[in-house]
Amino acid sequence: MSWLDDLQKKLPEAQMHILNDAKSPSGVPHVGSLRGILAHDAPYRFLKEKGVPVKYIYGSDDYDPLDEIPGGQSAEVYEKYLGVPLCNVPAPPGSAHKDIAMHYISDFFKIFEEIGVDAEKYYMRDIYRNGTFNEAIDIVLKNVEKIRKIYYDVSHSERSPHWYPFQAVCDKCGRIGTTEVIDYDGKEVTYICKEDLVKWAKGCGHTGKKSPFDGNGKMPFKVEWASKWKYLGVTIEGAGSDHNTKGGSRDVASAICSQVFGQRPPTNIPYSFFILGGAKMSSSKGIGASARAMTNFLPPEILRFLMLNSKPKSEVNFEPTEKYIVKLFNDFDKLHDKVLNNQELEEYEKLVYELSQVHYKEKYFTVEFSLILTLVQLPHIDIYKEVAKRKGSELTEIEKENINQRIKAAKFWLENFATEEEKMYLQAKMPKDAEEKLDNVQRAFLHKVATYIENINWTEEDLQKAVFAAVRTTPIQQANAFTAFYKVLLNKDKGPKAGNLLAYLDKQFIIERFTELKYDNLKYYIESATELAEIEEWLNKEADKISTISTHKEIIENNYFLDINVTLKDEKSFIKRLHINDVDTEKTFEEIRKKIFTK
RNA sequence: GCGCCCGUAGCUCAGUCGGUAGAGCAGCUCCCUUUUAAGGAGAUGGUCGUAGGUUCGAUUCCUACCGGGCGCACCA
């Protein structure tokens with residue numbers, strides 16, 4: 001059982017269900033609008049899948065007045081348009097569109113295509129102008145007392161005694177936000193374009209009389225909302241928590257819908273906001289929180305997954321941290337991999353996965369986002385080749401496209417959200433952390449790598465081999481060796497494949513960096529020595545594979561060490577080290593040698 | 001003031017119509033090694049915010065309270 005099943009149960013009988021959502025195109029749409037789009041798209045797809053006749057319509061509320069200077073636009077240019085219907089406000093210079101409403105909404109509608117939302121678009125300017133709302137306007141004007149009472153009863157908001165639920169477009173100045181209707185004779189309204197009706201716009205003072213129909217004006221938001229439900233036949237419409245509060249606009253519209261139009265209000269889908277790093281993303285705060293920025297960042301199926309993986313009523317608390325983003329991709333990939341491997345999905349997993357899909361119908365291989373994030377930061381790396389290697393075969397076009405999207409996401413994240421610490425930087429100087437934390441064995445290991453790579457071909461493969469050879473011939477734990485390796489180069493404990501990393505760096509630089517940290521030779525020998533028993537155990541285990549064994553005696557400041565050099569049949573060499581404290585050292589050496597060679 | 005959401009393992013969270021709790025990451029123990037932003041195996045870890053109530057049985061339903069987040073109360 002999902003929230004969608006619950007929703008379906010609540011639906012009234014209808015020949016065709018119509019889902020509606022709308023946006024006022026008064027600025028760059030903020031990312032939160034995507035939640036609304038998908039909160040409607042989910043039931044749309046769900047019902048369609050179940051064979052229920054259903055349509056999803058999405059409106060541009062472009063007959064709303066401009067009520068603030070759009071973010072990023074010049075106040076000088078737009079101040080005089082405050083109060084004017086958005087569809088009559090000119091677009092910013094350079095725009096491909098005539099009016100500002102189209103300017104903003106057209107890119108927003110493009111996003112619909114990108115994230116696979118199949119909604120039928122409509123524009124309020126058309127709805128008003130073509131007379132769809134004429135009947136509603138007449139009813140509303142005649143029921144002014146009833147509506148006034150609803151406003152008061154539901155939201156405790158008192159309208160002036162002259163108030164009518166309608167705003168005419170002023171014949172003189174073209175504003176709609178500043179006019180107050182004072183009379184309706186059944187055919188025409190009398191209005192005054194007031195200077196002080198609202199704080200954000202100034203009317204021209206004109207008094208006029210005109211028909212309220214065919215685009216001559218609009219109903220206020222809450223009344224208009226109810227009219228949409230009635231005259232566009234809306235049966236399902238959600239709303240964000242800003243409208244959904246008790247006594248809020250949704251309640252007012254519902255009351256008008258049922259009491260004035262005699263129609264059951266649509267089934268609600270209450271949804272919460274999409275929050276960025278703990279703060280509501282607002283359109284006025286600019287591009288950073290825009291829907292466009294988010295779609296430029298996340299691949300469409302990830303974005304859908306992000307919005308649909310939780311119930312609509314719970315907030316999505318998006319954080320652009322590495323941990324959060326990587327987990328987001330991984331959570332999606334987990335479902336994706338289950339499908340790829342023909343594993344059974346839980347019912348809700350299946351639902352979420354299907355709702356997240358955009359257009360891929362066939363199976364495709366994908367790689368962890370964290371790997372892409374690493375590879376993107378290494379120049380000269382053929383990411384497609386690396387992915388193909390992991391897949392084990394050539395990449396399909398879909399897979400290449402998928403990787404492209406992930407590369408784009410990784411780059412976007414690195415540019416916009418990554419902290420300096422999260423970025424992988426080649427350290428210009430020896431990191432302090434390396435100086436403080438690396439022990440003598442680790443330092444000695446780095447020196448050894450330096451000698452090993454001095455005279456080899458500077459290729460990924462040879463470098464990789466050389467690093468591992470150095471690991472084996474230093475009595476060191478492999479994990480410690482690699483920690484040292486990444487620490488001096490990147491100031492991190494882990495990193496990309498050693499050979500890859502070295503291959504694109506300068507040899508001289510590497511050698512200097514690896515030999516920069518000095519170490520105490522005696523301490524190195526002492527710290528890297530192991531117990532005889534341990535060595536014996538190891539030799540026993542590898543006995544079948546051993547090709548040759550030799551030993552080397554080392555005396556440092558009266559400390560005796562025995563290096564046991566073992567070469568396996570596959571030509572890998574290992575060095576194990578023994579620290580000998582016995583009184584009769586020479587004798588002990590001989591005994592141990594005998595012991596070892598007899599194996 | 002009113003409304004909604006959340007409070008579950010160290011961290012981030014699942015737990016979708018009641019049957020004494022799960023995942024990922026981190027930590028721990030081992031294994032693997034020219035696959036180190038890797039893989040594999042295992043153990044550990046929670047009086048499910050608090051207090052009541054309904055029930056044979058509550059993380060789940062109800063009530064109150066505490067703590068956190070968001071929204072509304074003018075306009076959309």
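As the structure is a computational prediction, the values presented were derived from the model and not from experiment. Proteins get letters first, then strands, A, B, ... in listed order; numbering begins at 1 in each.
When ring centroids are compared, A/F318 and A/Y324 come within the 6.0 Å threshold. Between A/H103 and A/F108, the gap from one ring centroid to the other reaches at least 6.0 Å.
A/Y151 has its OH atom 10 Å from the C1' atom of B/C75, to the nearest Å. Going from atom CZ of A/F318 over to atom C1' of B/C13 covers 16 Å, rounded to whole Å. Summarising the geometry, the separation between CG on A/N330 and C1' on B/A23 is reported as 13 Å, rounded to the nearest angstrom. When the P atom of B/U35 is taken as reference, atom CZ of A/F482 falls 10 Å away, rounded to whole Å.
The partner of B/A51, taking Watson-Crick or G-U wobble pairs whose two distances both stay under 3.5 Å, is B/U63.
Taking 3.5 Å as the limit, the base of B/G71 and the side chain of A/T245 contain a donor-acceptor pair of atoms between them. Contact annotation: side chain of A/T374 to base of B/A37, donor-acceptor pair present below 3.5 Å.
A salt bridge does not link A/D196 with A/K202: every distance from a Lys NZ or Arg NE/NH1/NH2 to an Asp or Glu carboxylate oxygen is 4.0 Å or more.
With B/U33, B/C75, B/C17 as the candidates, the nucleotide lying closest to the side chain of A/K9 is B/C17. Side-chain proximity of A/F273 to B/U34, B/C70, B/G3: nearest is B/C70.
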